[in-house]
**Q** 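Before we start, here is the structure in question, set down as structure tokens.
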2 protein chains.
Amino acid sequence: MRGEALRGHLDLLLLAAVRARPAHGYAIIENLRLRSGGNLNLPEGTVYPALHRLERAGLLKSRWSEASGRRRRTYEVTERGLTELRAQEQDWREFSRAVEGVLEGST
Amino acid sequence: MRGEALRGHLDLLLLAAVRARPAHGYAIIENLRLRSGGNLNLPEGTVYPALHRLERAGLLKSRWSEASGRRRRTYEVTERGLTELRAQEQDWREFSRAVEGVLEGST
DNA sequence: CCTTGATACATAGCGTTGCTAGGTATATTA
DNA sequence: TAATATACCTAGCAACGCTATGTATCAAGG
């Protein structure tokens, strides 16, 4: 995945991934990799701070649990998070269509 | 258009817009607005420096002209620019598919 | 037993890059 | 003659994802 492509779309991806399947950070990274056909390889230094930010913003909530001796922080999307996600999905569609519109005209 | 959405996709858009129709900066901004259905409203402070950067990188070349008393710098895509554009188009498709893949699974 | 690799979390600080804000200049319209 | 549109430019800021680094547990291999 090209350098800065993610910029501005990270929240959308994280919210969508968690909506699909509530999970802890490490698993979210895995899920994104799988669902993207291996194209989304987000480093931990990107994902963890973003999850914290989304929780502080009230879009995600988390609880600690333990699995096979390792502690996990599992996230799920809040009501406000769902609303925000839907808005960002809408924004993505618009942006995507806008880019396609420019590309089409230049073939 | 949402805040940082453009990040990392500006070069693609500019190269594609100029490939579609060689033009001067101000017109490129207009063309992007039109081709995107009004969604891409790039400020001059974004576009002009980017055009300079792309020219320095050898992906665009420009020449000065004059139209109705006002000077214009008209850009066109170089050979290298075309190659780069095709690569970035490929990257865009991949990124776009990756995002869609994540969104689909979370409906 | 001890090292390596995978799992799982965290954060300080850096670098990139688009945007805001400001500036110059000409032509047209009110 | 003031405002608006056209047309260019740049310094400096701010946002934000990433690198690098650190901690800790468990499984597997030598």
Side-chain angles (χ1 to χ4, degrees), chain A residues 1-15 17-18 22-34 36 39-57 59-60 62-75 88 95 98-99, chain B residues 1-15 17-18 22-34 36 39-57 59-60 62-75 88 95 98-99:
Chain A
M1 190 60 42
R2 164 67 122 279
E4 307 276 315
L6 206 62
R7 214 65 179 249
H9 307 286
L10 178 59
D11 292 2
L12 167 66
L13 290 170
L14 292 179
L15 289 171
V18 175
H24 60 290
Y26 198 85
I28 292 171
I29 293 174
E30 276 303 303
N31 292 339
L32 284 172
R33 177 160 33 236
L34 293 176
S36 68
N39 279 303
L40 257 25
N41 265 323
L42 310 197
E44 302 179 9
T46 291
V47 171
Y48 289 122
L51 291 173
H52 299 163
R53 183 168 42 73
L54 290 171
E55 181 161 30
R56 273 200 313 279
L59 307 180
L60 292 179
S62 72
R63 59 190 156 74
W64 284 99
S65 61
E66 183 131 346
S68 58
R70 293 190 206 88
R71 61 191 195 128
R72 292 174 167 179
R73 179 179 275 194
T74 302
Y75 291 89
Q88 291 205 17
F95 176 69
V99 174
Chain B
M1 191 60 40
R2 166 66 122 279
E4 307 275 313
L6 206 62
R7 216 67 178 246
H9 307 286
L10 179 58
D11 292 2
L12 168 66
L13 289 170
L14 292 178
L15 289 171
V18 175
H24 60 289
Y26 199 85
I28 291 170
I29 292 174
E30 277 303 303
N31 292 340
L32 284 172
R33 178 160 32 237
L34 294 176
S36 69
N39 280 303
L40 258 23
N41 264 321
L42 308 197
E44 302 179 8
T46 292
V47 171
Y48 289 121
L51 290 173
H52 298 163
R53 183 169 42 74
L54 290 172
E55 181 161 32
R56 270 200 314 278
L59 307 180
L60 292 179
S62 71
R63 58 189 155 74
W64 284 99
S65 62
E66 183 131 347
S68 59
R70 293 189 207 89
R71 61 193 195 127
R72 291 173 167 180
R73 179 181 276 197
T74 301
Y75 291 89
Q88 291 206 16
F95 176 69
V99 173

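Chain letters run A, B, ... following the sequence lines, proteins first and then strands; every chain starts at 1.
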**Q** Over how many whole Å does the gap from A:Leu12 atom CG to D:dG17 atom P extend?
**A**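 Distance check: A:Leu12 CG to D:dG17 P gives 12 Å.
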**Q** Should A:His24 and A:Thr74 count as side-chain neighbours, where that means a heavy-atom distance under 4.5 Å?
**A**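 With C-beta onward as the side chain, the pair touches.
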**Q** Measure the spacing between OH of A:Tyr75 and CG of A:Leu51 and express it to the nearest 0.5 Å.
**A**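 That separation rounds to 4.5 Å.
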**Q** Could you tell me whether the side chain of A:Gln88 and the main chain of A:Leu12 form a donor-acceptor pair under 3.5 Å?
**A**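 Indeed, once roles are kept as given, a pair shorter than 3.5 Å links the two residues.
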**Q** Using whole Å, report how far CZ of B:Arg63 lies from P of D:dC8.
**A**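 Computing the B:Arg63:CZ to D:dC8:P distance gives 12 Å.
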**Q** How many Å lie between CZ on A:Arg33 and C1' on C:dT7, as a whole number?
**A**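 After rounding, the gap between these two atoms is 12 Å.
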**Q** B:Glu55: what forms a salt bridge (charged side-chain N to carboxylate O under 4.0 Å, His left out) with it, not counting sequence neighbours?
**A**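 Testing B:Glu55 for salt bridge (charged side-chain N to carboxylate O under 4.0 Å, His left out), a comparison that skips the adjacent residues, returns B:Arg73.
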**Q** Could you write nucleotides 8-21 of chain C as a row of B, S and -, 5' to 3', where a protein heavy atom under 4.0 Å of any base atom gives B, of only sugar-phosphate atoms gives S, and otherwise -?
**A** BBBB---BBBSBBB
**Q** Nearest whole Å is fine: how far is D:dC8 C1' from B:Glu30 CD?
**A**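 Taking CD of B:Glu30 and C1' of D:dC8, I get 15 Å after rounding.
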**Q** Can you list everything that forms a side-chain contact (heavy atoms from CB on, under 4.5 Å) with B:Glu44? Sequence neighbours excluded, please.
**A**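 Counting only residues at least two positions away or on another chain, B:Glu44 forms a side-chain contact (heavy atoms from CB on, under 4.5 Å) with B:Tyr26, B:Ile29, B:Tyr48.
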**Q** Distance from A:Asn41 atom CG to A:Leu6 atom CG, nearest 0.5 Å?
**A**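 Rounded to the nearest 0.5 Å, the CG-CG separation comes to 11.0 Å.
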